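Notes to accompany the following structure.
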Amino acid sequence: DVQRTAEADAQKIITLAIERVATDQVVERTTSVIKLQDEGIKGRLIGHEGRNIRYFEELTGMQLLINNDDPMTVVISGFNPVAREIAKQSLDRLIQTGKVHPRKIQEVVAKATKKVQRDIQTAGEEAFEYLKLAPPHPEILKLVGKLRYRTSYGQNVLNHAKEVAELCSSMAAELGLDATLARRAGLLHDIGKAIDFEKEGTHPELGGEAARKYGENEVVVNAIESHHEDVEVIHPISILVAVCDAISGSRPGARREAFET
């Protein structure tokens, strides 16, 4: 049994690690690329002795990479997907206005932060409305909204969560289980991925902790914690969530595949 499952477990551990750690394989999932219209703006972005670029990096927590081989491209690099989106929107706005100085950078980053926070709230609300689910604790709503900016193997995690919720709901109905509860468990199964880049622990563990803290049903908590077989299953819905998670991730076209396949 150990030999049979060892390879699958090893692959799971490695792919999860690759998602969260800096290696060449994750470069396209941890960077945003911005094209510059004219080379003059590049000098203004860097500023006198690199003052502007340093201030921008300090405020956003992201790294700006300017490639000399392709001078018209700026790459925003970092692991926090929400902060990366804030940096991307800020940089877009600075390039549009053409004015780049510390006060303007501060103003633009503050506006972009507010906008992304609003977008997170809206994305969370829309997901619950779309699936006809009762609104959760505001913190859970925020975590679901943050999944909009996270990808897993090139698959958008919020879209994946909604897909898992719908699959769970159909199967639960077929099996005579509570379809609404199954839909809720499916939607929330990956909320740990909205936390795992800033806190230690696996995403099922972190997600379960958050769901328990903010008053979600124990079946939902167990489905989150057990969907990668980290804890024991207490309800058939937890098995459905694990199965639907695998179906959504493995269907053709869901995740980025090699050109040969």
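Predicted model only: the values in this text are computed from it and were never measured. Note that the numbering runs from 1 along the sequence shown for the chain.
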### Task
Would you kindly confirm whether I239 and V220 end up in one hydrophobic cluster when ILVMFWY residues are joined by side chain heavy atoms under 4.5 Å apart?
yes
### Query
Could you walk me through whether L59 and Q106 pass the side-chain contact (heavy atoms from CB on, under 4.5 Å) check?
CA-CA 7 Å; L59 278 186; Q106 194 173 8; 4.2 Å; yes
### Query
Taking the six-membered ring for Trp, are H160 and H189 ring centroids under 6.0 Å apart?
yes
### Query
Between CG of L131 and OG1 of T180, what distance do you get to the nearest 0.5 Å?
10.5 Å
### Task
Give the cluster check for V219 versus L175: same hydrophobic cluster or not, with ILVMFWY residues linked at side-chain heavy-atom distances below 4.5 Å.
yes
### Message
Quick test of your reading of the model: are K142 and E125 salt-bridged, counting only N-O distances below 4.0 Å?
### Response
no
### Message
Under 4.5 Å between side-chain heavy atoms, counting indirect links through other Ile/Leu/Val/Met/Phe/Trp/Tyr residues: same cluster for I95 and V75 or not?
### Response
no
### Worked check of side-chain hydrogen bond (donor to acceptor under 3.5 Å, both in side chains) between N156 and T151
CA-CA 4 Å; N156 180 285; T151 60; over 6 Å; no
### Message
Quick one: does any side-chain atom of S248 pair with a main-chain N or O of D245 as donor and acceptor, under 3.5 Å?
### Response
no
### Sub-4.5 Å side-chain heavy-atom contact between D190 and V164
no
#### Entry: Side-chain heavy-atom pair E209, K199 within 4.5 angstrom cut-off
yes
### Message
Treating R184 as the side-chain partner and A134 as the backbone partner, does any N or O pair qualify as donor plus acceptor under 3.5 Å?
### Response
yes
### Query
With distance as the sole test, does N222 use its side chain to make a donor-acceptor pair with the main-chain N or O of E232 at under 3.5 Å?
yes
#### Entry: Candidate pair L45 and I53, rule side-chain contact (heavy atoms from CB on, under 4.5 Å), full reasoning
CA-CA 6 Å; L45 280 175; I53 198 168; 5.9 Å; no
### Query
How far apart are the C-alpha atoms of I140 and H137, what are their side-chain angles, what is the distance that settles it, and do they pass the side-chain contact (heavy atoms from CB on, under 4.5 Å) test?
CA-CA 5 Å; I140 293 285; H137 187 283; 4.3 Å; yes
### Query
Between I237 and I234, is there a shared hydrophobic cluster once you connect ILVMFWY residues whose side-chain heavy atoms come closer than 4.5 Å?
no
### Heavy-atom donor-acceptor pair, S226 side chain to E229 backbone, under 3.5 Å
no
### Message
Using the rule given for side-chain contact (heavy atoms from CB on, under 4.5 Å), can you reason through R118 versus T113, listing the C-alpha separation, both sets of side-chain angles and the distance that settles it, and then say yes or no?
### Response
CA-CA 9 Å; R118 273 200 313 272; T113 303; over 6 Å; no
### Query
Quick one: CG on L240 to OG on S170, what's the gap to the nearest 0.5 Å?
10.0 Å
### Query
Are any of the side-chain heavy atoms of Y149 and R84 separated by less than 4.5 Å?
no
#### Entry: Atom pair CD1/CD of I191 and E216 - distance to nearest 0.5 Å
7.0 Å
### Least distance between heavy atoms, V233 atom then H235 atom
CG1-O, 3.3 Å
### Summary
G78 and M62 have their tightest heavy-atom pair at CA-SD, 3.6 Å
### Message
Quick one, Q63 and I76 - any side-chain contact, counting heavy atoms below 4.5 Å?
### Response
no
### Query
With a 4.5 Å heavy-atom cut-off, do I120 and V82 have their side chains touching?
yes
### Summary
Residues V144 and G124: closest non-hydrogen pair is CG1-CA, 4.2 Å
### Closest non-hydrogen atom pair between P102 and Y55, with its separation
O-CE2, 3.2 Å
### Query
Hey, what do you get for CG (L187) to CD (E166), rounding to the nearest 0.5 Å?
10.0 Å
### Message
Quick one, R54 and I46 - any side-chain contact, counting heavy atoms below 4.5 Å?
### Response
no
#### Entry: Expected output: side-chain T60 to main-chain F56 donor-acceptor under 3.5 Å
yes
### Test log, rule ring-ring contact (aromatic ring centres under 6.0 Å, His included), inputs H48 and H101
CA-CA 10 Å; H48 180 61; H101 50 79; over 10 Å; no
### Any side-chain heavy-atom pair of L91 and K88 under 4.5 Å
no
### Query
How close do A210 and I195 get, heavy atom to heavy atom, and via which atoms?
CB-CD1, 4.2 Å
### Query
Are the side chains of P136 and Y214 in touch, meaning some heavy atoms are under 4.5 Å apart?
no
#### Entry: Check ion pair R148-E85 (N to O, under 4.0 angstrom)
no
### Message
Quick test of your reading of the model: are E225 and R212 salt-bridged, counting only N-O distances below 4.0 Å?
### Response
yes
#### Entry: same_hphob_cluster(L133, L147) at 4.5 Å side-chain heavy-atom cutoff
yes
#### Entry: Gap separating the CG atom of L141 from the OG1 atom of T122, nearest 0.5 angstrom
9.0 Å
### Summary
Closest non-hydrogen contact found for G47 with N52 is CA-ND2, 3.6 Å
### Query
To the nearest 0.5 Å, how far apart are OG in S77 and CD in E57?
9.5 Å
### Query
Is the shortest distance from a Lys or Arg side-chain nitrogen in K104 or E107 to a carboxylate oxygen in the other one below 4.0 Å?
yes
### Task
Could you tell me whether a side-chain N or O of R150 sits under 3.5 Å from a main-chain N or O of A194, the two making a donor and an acceptor?
no
